[in-house]
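Report on the following structure.
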Amino acid sequence: MSTSILNKFNRLAVKISANTMILSLREGYIALIPFFIVASLITLLNQWLDIAAKGFEHQYLNQFNQLVWGLFPLLSLISFSYHLAKNLKVHTIAAPILVITCFTATTGYMYIENNSIHIDHTQGVLYSLFMPIFCNYLLSYLMQIKLFRIVNVSSISLFLRKHINLIFPYMAVTTITLMLYPYIDNTATWFAQTLSNAQVELSALGKLFMQLLSSHMLWFLGVHGDNTYQILAPTHFTHYLLGSSVENYHFFSVFVLLGGTGCVWGIIIASFLLKEARHEQHIAKISLPLAVFNISEVMIYALPIVFNPYILLPFLLAPMLNAIVAYYCLSLGVITVIPDQSVPWFTPIFINAWLLTQSYSALLLQLVLVLANAAIYYPFLKIYQRQSMSGKALDMLVKRYSAGRQIEDKAESMFAIHHSEKQLEHHSLKQVTDALNKGALTLYYQPKIALKTNKVIGFEALLRLTYSDGSVQGPWFLDTLAKHNLLDVIDNYVIDQLEVDLERFASAGYAPKVSFNISPDNLLNGGYKRIVKAFSRFEEQVEVELLESSYIEDFATTIEVVNHLKRHHIRCAMDDFGTGYSCLSVLSKLNIDTIKLDRSLLPESNNLKSETLYKHLAQLCTQLGFKTVAEGVETREEERVVKAANIDCVQGFLYHQAMPIDEAIELLAKSETI
């Protein structure tokens with residue numbers, strides 16, 4: 001029962017993590033991490049060293065925190081809008097400009113007074129999250145309506161055509177937003193006021209829980225929870241006493257948020273206790289020096305905690321536990337606070353407790369709470385580590401949709417330079433970019449079968465293009481991209497996605513040998529370095545398939561590259577042997593591991609000469625020390641020929657078609673039970 005519930009939760013969590021909006025939100029806030037850190041550190045140093053008071057030249061630092069965090073809604077709006085537009089394949093400049101226009105025109109965040117533009121950072125805080133979602137999704141939908149398209153010709157550049165066709169969708173989104181906003185805002189204001197009035201009689205402990213729950217849920221949604229709660233909540237919910245003399249500000253900073261929002265010290269310790277949790281431990285190392293001063297943004301946005309269903313429960317439980325324990329310690333007199341003592345929020349733990357209480361009991365209480373927080377986070381982080389996608393996998397979820405955008409950007413510059421002589425080629429390239437923008441790149445895996453045991457011994461990673469309707473196409477576009485020297489985009493995707501998929505195989509308990517193709521030019525011009533970086537830790541598990549043209553065109557460099565890959569435990573194979581360039585004299589000089597015999601070499605029915613050639617070619621490769629793979633076996637007659645030639649392994653539709661990684665993992669599990 002519990003396993004079934006966990007599996008359902010895992011499937012839900014993966015769907016949430018893979019959602020375009022969630023991925024975009026994560027990207028948007030990660031992009032703001034440098035801003036969070038620099039702004040927090042400057043504020044910290046100014047308050048700590050009192051720089052502004054030491055000279056007139058630096059008095060502006062007194063307002064630095066207020067000014068910078070006043071810009072936070074606008075910065076988060078821009079960042080989130082950009083990444084959501086990118087992932088929805090809407091223009092990444094035009095869409096954020098539209099969102100900013102609608103946001104500033106409606107929310108009151110910016111207003112004009114005495115012929116000057118002013119900012120009211122208390123206005124439109126939550127709309128910085130909702131406005132990009134509404135405008136981008138509506139714009140994306142309207143752009144698909146043919147009625148709104150002004151031009152459809154290919155005689156003008158793709159870049160110009162896209163922007164002209166944005167005019168009517170732009171007008172429609174702006175009009176709809178301006179018309180709907182007053183009604184939505186009035187409804188939200190009424191709801192907030194009703195909620196506030198209903199909670200007027202809360203006790204101090206009730207206000208404490210209200211603040212904790214509200215601010216942490218806002219953080220979980222990607223909004224700066226502490227600032228937003230201070231803005232939205234009534235004053236009596238943001239400034240109150242706990243007990244007879246302890247302000248909620250000091251209570252939170254000293255006894256509840258140990259290391260920052262979410263009790264970051266507990267997450268850091270739990271991360272270091274996990275085994276083989278590389279992602280979590282790297283983030284913990286980055287967060288460690290900042291957590292000393294109670295700065296938690298890196299952990300919240302980079303782990304991430306934002307929209308992470310695995311971490312939500314401990315993210316709420318840890319501060320709740322701290323609040324309850326500390327509140328009753330204060331009530332029972334276990335710890336007492338020095339009257340009128342003020343301790344800044346950035347003071348490290350233990351130091352802040354001593355300054356506020358001058359009591360060893362308070363230090364012991366903080367230590368116990370930090371360890372309790374680590375104990376709360378540990379099992380959830382462990383489940384998250386095992387079941388969720390790695391940071392690389394999350395990046396690839398975004399990257400798999402971005403190939404069309406990257407190629408489109410390069411295609412635009414090519415259009416301007418080679419318009420006259422390249423118009424026909426550009427039209428074919430437009431067809432490719434349109435297809436890539438409508439679909440998503442993915443890797444499928446075709447099993448390789450050992451003829452002697454009939455078991456799966458590996459896979460070939462094959463590129464596929466999947467569409468929203470579930471249809472799948474092969475990489476028909478590669479020749480066009482090769483003509484325009486754009487295959488590096490595809491090669492880089494394949495390498496990155498394969499790295500992620502190998503981690504998925506490993507997490508399922510398998511280490512299959514996987515081969516993949518890379519364009520010769522990219523391989524010889526530095527692509528081999530990227531391969532080593534991605535796969536050297538998967539020793540003897542990855543095989544790079546080279547075309548014979550690599551040797552023919554630059555034999556010496558290819559030999560060096562192959563030797564370099566083999567030194568890093570990456571195998572090499574010659575793909576499609578028997579087509580085009582095949583020359584028997586090359587065989588004696590090759591330093592590869594495997595020869596893949598192309599399907600075109602398989603004899604037609606009753607062709608004894610072809611069958612003899614295939615058999616002796618396979619024997620020759622075996623005698624020269626190569627492993628052999630027969631490609632494209634589709635019939636029992638072809639299988640008979642391959643068996644007669646003593647081929648090591650086969651692949652083809654007779655056994656299995658290429659399949660998604662989930663099916664490949666299931667196939668490995670079935671193969672083990674046979």
Side-chain angles (χ1 to χ4, degrees), residues 392 396 441-448 457-464 475 478 481-482 487-503 505-506 511-582 586-587 589-598 621 624-631 648-649 651 658 661 664:
K392 179 85 172 180
M396 288 307 300
L441 293 176
T442 189
L443 287 184
Y444 271 46
Y445 292 87
Q446 184 168 44
K448 296 179 181 178
I457 59 171
F459 298 91
E460 179 180 0
L462 299 172
L463 190 67
R464 294 291 184 265
L478 294 183
L481 296 181
L487 276 178
D488 59 305
V489 175
I490 302 299
D491 288 337
N492 292 339
Y493 166 79
V494 170
I495 292 169
D496 289 340
Q497 185 62 56
L498 180 55
E499 182 183 1
V500 170
D501 287 352
L502 286 171
E503 291 178 350
F505 277 120
K513 299 185 188 315
V514 181
S515 63
F516 72 99
N517 292 90
I518 183 173
S519 64
D521 288 341
N522 191 19
L523 176 70
L524 301 183
N525 293 322
Y528 66 92
K529 297 178 183 178
R530 189 182 181 103
I531 291 173
V532 168
K533 183 177 180 182
F535 303 124
S536 57
R537 59 194 173 97
F538 300 100
E539 292 191 6
E540 307 301 332
Q541 195 177 339
V542 176
E543 187 172 63
V544 179
E545 297 187 2
L546 300 86
L547 295 176
E548 191 175 356
S549 59
S550 303
Y551 286 93
I552 300 298
E553 294 172 6
D554 195 340
F555 187 85
T557 302
T558 305
I559 290 290
E560 290 178 6
V561 167
V562 171
N563 286 335
H564 182 79
L565 292 173
K566 293 178 73 172
R567 284 195 297 272
H568 289 84
H569 308 287
I570 297 171
R571 296 177 176 271
C572 294
M574 178 176 286
D575 190 24
D576 297 336
F577 184 76
T579 61
Y581 292 94
S582 295
V586 175
L587 285 175
K589 305 173 185 177
L590 296 179
N591 56 339
I592 58 176
D593 305 284
T594 306
I595 297 289
K596 300 190 72 176
L597 299 176
D598 189 70
C621 292
L624 289 172
F626 302 116
K627 293 182 178 179
T628 52
V629 177
E631 292 186 294
D648 296 315
C649 80
Q651 61 183 98
I661 185 171

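Model, not experiment: these values are computed from the prediction.
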- To the nearest 0.5 Å, atom OG1 of T442 lies from atom OH of Y493 at 4.5 Å
- Note on the structure: Scanning both residues in full, the closest heavy-atom pair of Y445 with A664 reads CB-CB, 4.2 Å
- What one should report as the nearest heavy-atom pair of K513 and E540 is NZ-O, 3.3 Å
- Would you call I495 and I518 a side-chain contact if the rule is heavy atoms closer than 4.5 Å? yes
- Evaluate side-chain contact (heavy atoms from CB on, under 4.5 Å) for V562 paired with Y528, printing each intermediate quantity in order. CA-CA 9 Å; V562 171; Y528 66 92; over 6 Å; no
- Flag side-chain contact, heavy atom, 4.5 Å: L463 against N517: no
- Distance in Å, R571 CZ paired with Q541 CD, rounded so as to fall on 0.5 Å steps: 11.5 Å
- Task: Identify the two heavy atoms, one from D648 and one from T628, that lie closest to each other, and give their separation to 0.1 Å.
- Result: OD2-N, 2.8 Å
- Message: Rounded at 0.5 Å granularity, tell me how far CD in E545 sits from OG1 in T594.
- Response: 8.5 Å
- Residues P475 and R464: closest non-hydrogen pair is CD-NH1, 3.7 Å
- Do the side chains of Q651 and V629 get nearer than 4.5 Å, heavy atoms only? yes
- Query: With a 4.0 Å cut-off, would you call K533 and E499 a salt bridge?
  - Reply: no
- Query: Looking at side-chain heavy atoms only, is the closest gap between L498 and L443 below 4.5 Å?
  - Reply: yes
- Task: Report yes if the side chains of V544 and F516 come closer than 4.5 Å at any heavy-atom pair, otherwise no.
- Result: yes
- Query: Can you list the steps and then say if E543 with F535 is a side-chain contact (heavy atoms from CB on, under 4.5 Å)?
  - Reply: CA-CA 10 Å; E543 187 172 63; F535 303 124; over 6 Å; no
- Query: Any side-chain heavy atom of K448 within less than 4.5 Å of one from K596?
  - Reply: yes
- Query: Side chains of L524 and T558: closer than 4.5 Å at any heavy-atom pair?
  - Reply: yes
- Separation between CG (L502) and CD (Q497), nearest 0.5 Å, reads 10.0 Å
- Query: Which heavy atom in E631 sits nearest to a heavy atom in D598, and how many Å separate them?
  - Reply: OE1-CA, 3.9 Å
- Verdict with reasoning, L487 to N522, per side-chain contact (heavy atoms from CB on, under 4.5 Å): CA-CA 8 Å; L487 276 178; N522 191 19; over 6 Å; no
- Message: One pair to check against side-chain contact (heavy atoms from CB on, under 4.5 Å): V532 and L565. What are the steps and the verdict?
- Response: CA-CA 7 Å; V532 168; L565 292 173; 3.8 Å; yes
- Check whether any side-chain heavy atom of R530 sits under 4.5 Å from a side-chain heavy atom of D496, and report yes or no. yes
- Provide the closest heavy-atom pair for C572 versus I592 in the form atom of the first, atom of the second, distance. O-CB, 3.6 Å
- Message: Other residues, nucleotides and ligands only: do more than 12 of their heavy atoms fall within 6.0 Å of NZ on K627?
- Response: no
